[in-house]
Amino acid sequence: MMADKYRFETGDWVQGRSRDGELIHGYVENVDSNEGIVKVNVVDSDNEKAIGKSIWIVNRWTKKLPDLIISNESELLTLIDLALLSKDEQWFMELSAKLASIKKKPEVQTKESGLRISRNRISNLGEKR
């Protein structure tokens, strides 16, 4: 469906172009479906002044990035630290369980057995306190 291509949710990682043509990479903070725009917290851009700011972008100029698959111990440990810092108990438990399963079965993890991270957990950081 064409409409699904432009359906974004808070926390989705996206890449796109700003109104001024800047390439941006960040996560969705807010969605205005009526206007067809998303508010993106910019974590990387070819315009350094845009990094760290939130900007509104037209849906058509934005695409959702694929889910991240985590399957090795060092990546999981980094995410566990992040879960602790953000006080996200549910995410911590999910990551710890995955880490325990990797330690029990140290054989090579396949892509299908990896943990799928599809949303930006940090975007909810302020809501949890």
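Residue numbers count from 1 along this sequence.
Heavy-atom minimum distance, Arg7 versus Asp12: O-OD2, 4.4 Å. Closest approach of Ile55 to Ser18, counting heavy atoms only: CD1-CB, 3.9 Å. Pairing each heavy atom of Lys98 with each of Leu76, the nearest pair is CG-CD1, 3.6 Å. The minimum heavy-atom distance between Ala83 and Leu95, with the atom names listed, is CB-CD1, 4.1 Å. Considering all non-hydrogen atoms of both residues, Val58 and Thr62 come closest at O-OG1, 3.2 Å.
Contact of the Trp61 side chain with the Arg19 side chain is registered, since non-hydrogen atoms from C-beta on lie closer than 4.5 Å. Within the 4.5 Å cutoff, side-chain heavy atoms of Lys64 are placed close to those of Phe8. Two residues are said to be in side-chain contact when any heavy atoms from C-beta on lie closer than 4.5 Å; Lys53 and Val42 fail this criterion. Taking the side chain as every heavy atom from C-beta outward, Asp44 and Ile24 never approach each other to under 4.5 Å. Looking only at side-chain heavy atoms (C-beta outward), Val38 and Trp56 stay at 4.5 Å or farther from each other.
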Hey, mind stepping through Glu22 and Ser45 against side chain to side chain donor-acceptor pair (under 3.5 Å) and telling me if it holds? CA-CA 7 Å; Glu22 305 158 334; Ser45 175; 4.9 Å; no
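Annotation: the span from Tyr27 atom OH to Lys39 atom NZ amounts to 11.0 Å, rounded to 0.5 Å. Once rounded to the nearest 0.5 Å, the distance linking CG of Leu99 with CG of Leu77 reads 5.5 Å.
Among the candidates Val28, Val14, Val40, the single residue satisfying the side-chain contact (heavy atoms from CB on, under 4.5 Å) test with Ile57 is Val40.
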